[in-house]
Amino acid sequence: MIEARHLRVLRAVAGTGSFSAAARELGCTQPAVSQQMKALEQSAGTPLLVRAGREMRLTQAGTALVRHAAGILAGLTAAEEEVAAIAGLRAGRVRLVSFPSGSSTLVPTALAAMRAEHPGTRISLVEAEPPRSVEMLREGDCDLALAFRYGSVPPAAAGLADGGEWEDLVVRPLLTDRLVGLVPDGHRLAGAERVGMAELADEPWIAGCPRCRRHLVEVCEGAGFTPRIDFATDDYPAVVGLVGAGLGVAVLPELAVESVRAKGVSTVAVEPAVEREVVALTLPDLARVPAVAATLAELERAATRAATR
């Protein structure tokens, strides 16, 4: 294997014409130069230098290697500088995937802070609901996923969830997002302080994303009824619009309600309380990448500010 340090010595010998002059240029001893040239010739499998009087001259193989060495060493230097820039957050990229209500609430604050603090880091964003967003992370299509699940994320050492669907990932809890009920203005329960889910048993329902839809059915069945779902849409503004038009009732996470300009709709607290855990997910190796770690930190700060509003 040809090593970069040997190529640097070969170029110095070729440029100065002797081991001793190359040693002075490189700041090492003449025996060290001689030893490295022997090692390089062993790696190459052929002589690279011949002595001509007091000078060292390149063989044909040596000339070819010196010609390639310039490009190799230049490329290595460029690679070292680029890696140093990434490690120092002067460059780099983060591919982020988020569910829609996270994209419109937590993500803008976090990305604005990243741009201000680390303008050389490029961050891209695409939207996907879990479990698709988690699949994208495992498949290498993103570096960081904003996701949620109902119930709490189990605590574990070093940020790893112990068991469950995310056991192989680094899980960074961000906030607990409570679900609230939506009823049309003028509805008999509009303005109520709290509403039991059973009080909505006879209402037509507008359901959200598939995972939210399944959870809605489970909650309603726990309250003793099966919801009559008239409409289902992944689009939160559409849910709010349908409720505002008097076509049914819904439950949505507070983040989703915050991201929509709700017109003609009243929000009510529902019992039993229903919550989802919002988290940031990444792979263990990616968590050590400076740009990913910095983005995680900004998402945590954004979530803290959102939770205190």
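Just so it is clear, the structure is predicted and the values come from calculations on it, not from any experiment.
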According to a hydrophobic-cluster definition based on side-chain heavy atoms being under 4.5 Å apart (Ile, Leu, Val, Met, Phe, Trp, Tyr only), do [X] and [Y] belong together?
X: Val195; Y: Val274; value: yes
X: Leu175; Y: Leu96; value: yes
X: Leu283; Y: Trp166; value: yes
X: Ile72; Y: Val83; value: no
X: Leu125; Y: Met136; value: no

query: Hey, does the side chain of Arg301 reach the backbone of Thr109 with a donor-acceptor pair shorter than 3.5 angstrom?
result: no

query: Counting distance only, does the side-chain N/O of Ser34 pair as donor-acceptor with the main-chain N or O of Gln30 below 3.5 Å?
result: no

query: Just wondering, are more than 12 heavy atoms of other shown residues or ligands nearer than 6.0 Å to CZ in Arg305?
result: yes

Could you grab the distance from atom [atom1] of [X] to atom [atom2] of [Y], nearest 0.5 Å is fine?
X: Arg93; Y: Thr295; atom1: CZ; atom2: OG1; answer: 12.5 Å
X: His68; Y: Leu7; atom1: NE2; atom2: CG; answer: 11.0 Å
X: Tyr236; Y: Ile206; atom1: OH; atom2: CD1; answer: 14.5 Å
X: Leu48; Y: Gln60; atom1: CG; atom2: CD; answer: 12.0 Å
X: Leu216; Y: Glu221; atom1: CG; atom2: CD; answer: 9.5 Å
X: Arg288; Y: Thr282; atom1: CZ; atom2: OG1; answer: 10.5 Å

message: With side-chain contact (heavy atoms from CB on, under 4.5 Å) as the criterion, how do Met37 and Met56 come out once you've worked through the C-alpha distance, each side chain's angles and the decisive distance to 0.1 Å?
response: CA-CA 11 Å; Met37 284 300 89; Met56 302 298 298; over 6 Å; no

Minimum heavy-atom distance between [X] and [Y], given as atom pair plus value:
X: Val268; Y: Ala192; value: CG1-O, 3.8 Å
X: Phe225; Y: Ala198; value: CE2-CA, 3.9 Å
X: Leu144; Y: Ala280; value: CD1-CB, 4.5 Å
X: Cys28; Y: Val33; value: SG-CG2, 3.7 Å
X: Ala273; Y: Arg178; value: CB-NH1, 3.0 Å
X: Leu76; Y: Ala4; value: CD2-CB, 3.5 Å

field: Trace of the side-chain contact (heavy atoms from CB on, under 4.5 Å) decision for Leu146 with Ser133
entry: CA-CA 8 Å; Leu146 209 61; Ser133 57; over 6 Å; no

Is the shortest heavy-atom distance from the side chain of [X] to the side chain of [Y] under 4.5 Å?
X: Val251; Y: Leu200; answer: no
X: Arg149; Y: Val134; answer: no
X: Arg276; Y: Leu255; answer: yes
X: Asp230; Y: Leu242; answer: no
X: Phe231; Y: Leu247; answer: yes
X: Leu58; Y: Leu49; answer: yes
X: Leu179; Y: Val219; answer: no
X: Glu203; Y: His187; answer: yes

field: No-hydrogen, no-angle side-chain donor-acceptor test under 3.5 Å, Ser98 and Glu127
entry: no

statement: Checking Arg214, Glu275, Glu277, Arg211 against Tyr150 for side chain to side chain contact (heavy atoms under 4.5 Å, CB included), the one that qualifies is Arg211

- request: Using the side-chain contact (heavy atoms from CB on, under 4.5 Å) rule, take Leu174 and Glu300 through it: C-alpha gap first, then chi angles, then the decisive distance, then the call.
  value: CA-CA 6 Å; Leu174 297 180; Glu300 286 183 307; 3.7 Å; yes

- request: Using a strict cut-off of less than 4.0 Å between a Lys/Arg side-chain nitrogen and an Asp/Glu carboxylate oxygen, indicate whether Glu41 and Lys38 qualify as a salt bridge.
  value: no

Short N-O contact, Arg132 and Glu135, less than 4.0 angstrom: yes

- request: Show your reasoning for whether side-chain contact (heavy atoms from CB on, under 4.5 Å) applies to Thr46 and Thr59.
  value: CA-CA 9 Å; Thr46 186; Thr59 64; 5.8 Å; no

